[in-house]
Every structure is written in structure tokens, then in C-alpha cells.
Protein chains: 2
Amino acid sequence: MSPSGQRRISESTVRRLSVYLRFLRELTRQGRELVSSRQLARGCGTTPAQVRKDLSLFGSFGKRGRGYTVDELRRTLEGILGLGRRWRVALVGVGKIGSALLGYQDLARRGFDIAAAFDSDPAKTGQVVSGVRLYSAERLTEVVRMQHIELGIIATPPESAQAVADELAGAGVGAILNFAPVEIDVPDNVTVRTMDVALELEGLSFVLTSGDRMPSRK
Amino acid sequence: MSPSGQRRISESTVRRLSVYLRFLRELTRQGRELVSSRQLARGCGTTPAQVRKDLSLFGSFGKRGRGYTVDELRRTLEGILGLGRRWRVALVGVGKIGSALLGYQDLARRGFDIAAAFDSDPAKTGQVVSGVRLYSAERLTEVVRMQHIELGIIATPPESAQAVADELAGAGVGAILNFAPVEIDVPDNVTVRTMDVALELEGLSFVLTSGDRMPSRK
DNA sequence: GGTCGCTTGTGAAAGGCTTCACAAGGCCAA
DNA sequence: TTGGCCTTGTGAAGCCTTTCACAAGCGACC
Ligand SMILES: NC(=O)c1ccc[n+]([C@@H]2O[C@H](COP(=O)([O-])OP(=O)(O)OC[C@H]3O[C@@H](n4cnc5c(N)ncnc54)[C@H](O)[C@@H]3O)[C@@H](O)[C@H]2O)c1
Ligand SMILES: NC(=O)c1ccc[n+]([C@@H]2O[C@H](COP(=O)([O-])OP(=O)(O)OC[C@H]3O[C@@H](n4cnc5c(N)ncnc54)[C@H](O)[C@@H]3O)[C@@H](O)[C@H]2O)c1
């Protein structure tokens, strides 16, 4: 899929590719057949040149004078992002946010199956919620290994997050999405991304405060 | 707080400032008094030079040979980020994720009070959940104006997100945190940040796929 | 007071990302 | 076939961010 083996792709490019993909899926639903870099840019909050540059890092997918075939580009992006398969995900911590995620169908729609959930609260284990079995946290390593789970989501209180991350990493998980508002350390062969709601709000607070109702963003 | 009026501060800097702040609060809880740029960097996943450069955009807060005073730097960052006050937030959409957010105490702890929540489902309105009154979505503009709410959180299905954003913007909200996995358009005087869980997972999928599972260990 | 070890603040260099600008190519109508 | 119009793909330029490297400042101890 990527033409020249090892080009370093920036995180911002990858993020934009995901946004393009999200938009392309919407266009597919709408039955649109072709899309230009300009339209893509408009729908994704970026510029046409940026769209073309992002895509050109992986190959030539468009037709001059015409644009891109929605369906073809969608499949191409899925390939680039590694979405030509389904991913098995472990959810750790089935409290308020964990339960919401368990019932969140968009994850499965986009290729991520929560294969098992874990909680340290004995009252919760054993249940099946949204079709997912809830295991005791003690069985994490065992079940993750058995089910060849490659992604983990941490939805426990911050105090437990590091310990959970250690266990996920030890069990062979390659990447972790962390909802606990703390920085966590993992070995170099594991990737962590932290989503912190209040931190995002703080960013908005800064924008409103330093106040220059800025030229928006691109 | 910012020494020279209008320097443009990048989004990545602001994000790191929030991370530093989060870490400083933890150090405060631990009773630490001083912290160096190196320790800050270690705890926040960045480099000492980056920490110093970020802070230097706003002034000189440390003491050579010693480091930074935890408490002082914490308050300084709160000031820079506009957290020297509390923010009133409207939550729109009280479903699975909206309910989780209503019960999420970290928001209030970090300065963001959900002052009102809105849902289009008549069965939900009128209730008080986690101390927050649930209004009919029809009253959004009215209540947002009345209560001088400046921030909005969108937690409705993606189909409604744009309409809700329009209404929030029209009601005077200056910034929006959007949980619906769609790009939304707003006037230039409004800032939107979208949090898309599956999009983050896609980023992890890319990393695992393009897979130079790094040389890792030393 | 003087020396030593440590850390900040900051110009300058390096590196990376985005924007520009345009040649090349596709489509269509005449 | 030709001309007009449109869009891609891409080197190069421009801009921005990160990293480097070091003078200067601080505290401690002799
Ligand atoms: N509630 C929200 O809307 C929200 C939003 C974003 C992030 N978060 C973060 O997500 C995390 C969970 O928040 P919550 O509101 O769902 O809390 P919660 O208390 O409702 O749920 C936490 C769950 O984790 C379980 N748990 C605790 N330690 C565990 C361990 N070691 N292993 C397995 N399970 C364990 C608990 O039994 C509980 O069920 C927190 O870090 C919070 O900051 C919450
Ligand atoms: N469930 C999750 O874990 C999760 C996580 C991240 C993002 N999201 C996103 O958050 C949004 C909500 O997801 P959910 O799972 O909570 O769905 P949900 O169906 O449980 O809740 C949606 C709520 O929004 C209300 N609503 C619909 N239209 C409205 C309108 N115009 N005004 C006010 N309220 C309206 C509905 O009555 C319902 O209560 C979706 O966009 C989803 O993609 C969900």
C-alpha cells in the first residue's frame, strides 16, 4: 500500500487520513461517486493542497481533471490505516465511561470489536453487557493472551491506570487508548494515546481567554 | 500573564501546557515543592528543552540552579490557560456518553461546571441528574443565554450535531467540544474541537500496521 | 569569598509540515 | 482533432516547531 517502504508519516497526517475516511464513508452513504481534493478539504476542515500532499505520500489515487473515486479512495485509506481487518479490543474498567463504550456501536462499525471487558468489582464480573463478557480483572493477562487481543482501552480510575497499562503491555497488547487523565509509561513497543476530556476543555478555555477571536483554524 | 501581547501560541503548546498543569497538580498532592524542566518532561512525555521553550513563550517562572516552584508554576499555568475562574458548560444529548459526562467529577474539579443539560427526548426532560437540570432541547437558546453559558458539549447522534452546533453558536457559546464523529461547521468566532474515539483507535491501528514494531528495548 | 554543580532562558540551527505554483493529464464539446 | 476547463501530483519555498548548545544565575559548601 505504501510505495516506498519506510517513509515517516506524521501523526497529523494519519489523523487527517482518518478524517478523510470518515467523510468518504458519509459520501458513500450519500451515493456520491467522485470527490475532488477541494471538496474533501471543505468537508474535513483542511486545504486541497494538504489533501493531495497527504495522499501523495502513499501513491497516486486520483484522476486529473476528475478527482477521486469515492469508493476506491475509501478502500485505499482503509488499507493504509490497517482497517482491512477487524481489531480485537479489551476494555478495562466498566464504570460510567466503560459502560458507554460497551454500548457504543460506532466502534464495531469502524472495525473495532470489544472482545472482552474487565473490572475489579466482583459485583460486575460474570455479566454479559452489550454482548460482551465481563471478566474479573485478575484474568486480564490470561484472557487477552487467549483471545489474541491487540488493543486495550483503559477506563479505570487514574490511580489504577498505570498498573492496568503494565498488565496490558505484559499481555502483549500493542496499543492502548487511555481515558484516565494521567500520563502513563509503557515499553517502547507499545503505543499509548490518552483522551482527556477536561484537557480539551482547557484548550478551549485558552482560546476563549487569550481571546483574539482568531482566524478560526484550518 | 503573557508578556508580549500577541504572540501566536500553537495548539500543541497549549496542549502541553495542560499536560504540565495536570502533572503539577499531582505533584501538589504529593507535597512536592520544586520541579525541574527535566522532571516535568519525564512526567509529561516530552523533553526538557521543550518544557522550557513552552514556558518561555509566556515569561520566566523558574530559578536557575533550582527549577520551578510547583505551586507557583501551577497557578501561573492556570492563569495562562484561563482557569483562574470557573466555566459554565451546556451539555446537549444525555444518552450513554452524556450521562457518563454528567457524572464525571473531574470536570468540576478542573473548573468546568455543567450548568444545564438538554435532550430532545421528552421522557428525560425535567429530571435532575447528578445535580444538573435536564431541559428540553427546545429551550437551549433561552437557557444558554439566561445562564451565560460559554462552552457547549455535543453528545447527540451525529445527524443532530450540526443543528445543535448552529444553535449553540447562535446562543452565544464561544467554543464547543464535539463527541459526534462528524466534522461540524461553525462561524469563525466559535472554536470546535472534536473527540472521536474510533478515530483515535484508527491512529493506533495505523501504528500497529505500518508496524515497525520498533527495535524497542535499549 | 570562591569554586562547583546544577538548571534556566534563549538565540541559532535543524528539522518538519504546509502552502505555493505549475506542468501534466483527463474530459467534453464542437 | 483542437481548445477550454478542470484537477491531480509534486518540487520548491515558506513557515513553524523542535532541538541544540551555552552563557548566566543560583545555592551549597569549603
Ligand atoms: N465518566 C466520564 O464521563 C469520563 C469521561 C472521560 C474519562 N473518564 C475517565 O475514565 C475513568 C473511569 O471513569 P468513570 O467515570 O467511568 O469511573 P467509574 O468509577 O464509574 O468506573 C471505574 C470502573 O473501573 C473499575 N476499576 C477500578 N480499578 C480497576 C482495576 N484495577 N482493574 C479493572 N477495573 C477497575 C471500577 O470497579 C469501576 O467499575 C477515569 O479515569 C475517568 O477519569 C471518565
Ligand atoms: N457511547 C459512547 O461511548 C460514545 C463515545 C464517544 C462518542 N459518542 C458519540 O456521542 C454521541 C451520543 O452517543 P450515545 O452513545 O450517548 O448515544 P445515545 O443514543 O445513547 O444518546 C443520544 C442522546 O441524544 C439525544 N438527542 C438526539 N437528538 C438530539 C437533539 N437534537 N438535541 C438534544 N438531544 C438530542 C437523544 O434523545 C439521546 O438521549 C454520538 O454522536 C456518538 O457517536 C458516544
Side-chain angles (χ1 to χ4, degrees), chain A residues 1-4 6-20 24 27 32-70 72-74 76-77 80 203 206 214-218, chain B residues 1-4 6-20 24 27 32-70 72-73 76-77 80 203 206:
Chain A
M1 198 54 71
S2 61
S4 58
Q6 321 294 54
R7 189 124 64 299
R8 167 140 181 68
I9 304 299
S10 74
E11 200 177 312
S12 40
T13 293
V14 174
R15 179 169 296 267
R16 282 190 302 267
L17 293 179
S18 271
V19 175
Y20 304 154
L24 287 166
L27 293 180
R32 281 285 297 285
E33 195 151 328
L34 287 172
V35 66
S36 67
S37 61
R38 176 201 296 234
Q39 297 167 320
L40 225 20
R42 214 161 276 198
C44 297
T46 182
T47 64
Q50 183 75 76
V51 170
R52 295 198 299 274
K53 186 60 100 182
D54 284 338
L55 297 177
S56 79
L57 295 173
F58 298 92
S60 299
F61 311 117
K63 283 195 180 56
R64 295 174 191 229
R66 298 274 288 158
Y68 304 85
T69 305
V70 170
E72 190 181 308
L73 185 56
R74 201 201 63 222
T76 299
L77 289 182
I80 290 170
F206 176 82
M214 272 287 85
S216 71
R217 163 208 40 225
K218 18 353 212 328
Chain B
M1 200 51 74
S2 59
S4 57
Q6 320 294 57
R7 189 123 64 296
R8 167 142 181 69
I9 303 300
S10 74
E11 200 178 312
S12 40
T13 294
V14 175
R15 179 169 296 266
R16 282 191 301 269
L17 293 179
S18 270
V19 176
Y20 304 154
L24 287 167
L27 293 179
R32 282 285 297 283
E33 192 150 331
L34 287 173
V35 65
S36 67
S37 61
R38 176 200 295 235
Q39 298 166 319
L40 223 21
R42 214 162 275 197
C44 297
T46 183
T47 64
Q50 183 75 78
V51 170
R52 295 198 300 274
K53 186 60 99 180
D54 284 338
L55 297 177
S56 79
L57 295 173
F58 298 91
S60 299
F61 311 116
K63 282 197 179 57
R64 298 176 190 228
R66 298 276 286 158
Y68 304 85
T69 305
V70 170
E72 190 181 308
L73 184 57
T76 299
L77 289 181
I80 290 170
F206 176 82

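Every chain is numbered from 1, with letters handed out A, B, ... down the list of sequences. When reading the values below, keep in mind they use all heavy atoms of this one structure, side chains included, and skip hydrogens, waters and symmetry mates. In this text the structure is predicted, and so the values were computed from the model without any measurement.
Considering OG1 of A/T76 and CG of A/L17, their distance stands at 11.0 Å, rounded to 0.5 Å. Interatomic distance, B/T13 OG1 to B/L57 CG, rounded to the nearest 0.5 Å: 5.5 Å.
Taking the side-chain contact (heavy atoms from CB on, under 4.5 Å) definition, one finds that A/R66 meets it with A/L34, A/K63, sequence neighbours left out. Taking A/R52 as the reference, nothing meets the salt bridge (Lys or Arg N to Asp or Glu O under 4.0 Å) condition, with sequence neighbours excluded. Residues passing the side chain to side chain donor-acceptor pair (under 3.5 Å) test with A/R32, sequence neighbours excluded: A/Q39. Scored by the side chain to side chain donor-acceptor pair (under 3.5 Å) test, A/Y68 finds no partners at all (sequence neighbours excluded).
Contact between the side-chain N/O atoms of A/Q50 and the OP1/OP2 oxygens of C/dT19 is found at a separation under 4.0 Å. Contact check, A/S10 against C/dG16: no side-chain N or O comes under 4.0 Å of OP1 or OP2.
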Between B/V19 and B/T46, does the side-chain contact (heavy atoms from CB on, under 4.5 Å) criterion hold? Intermediate values first, please.
CA-CA 10 Å; B/V19 176; B/T46 183; over 6 Å; no

Criterion side-chain contact (heavy atoms from CB on, under 4.5 Å) on B/V14 and B/I80, from CA distance to verdict:
CA-CA 9 Å; B/V14 175; B/I80 290 170; over 6 Å; no

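Take the nearest nucleotide of DNA chain C for B/K53 and for A/E11: the residue whose nucleotide is more 5' is B/K53.
Along DNA chain D, the stretch of nucleotides lying under 4.0 Å from any heavy atom of chain A spans, 5' to 3', D/dC6 to D/dA12.
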Tabulated below should be each protein N or O lying under 3.5 Å from an N or O of nucleotides 5-7 of chain C; please produce it.
residue, atom, partner, partner atom, Å
C/dT7, O4', B/G65, N, 3.1
C/dT7, O2, B/G65, N, 3.3

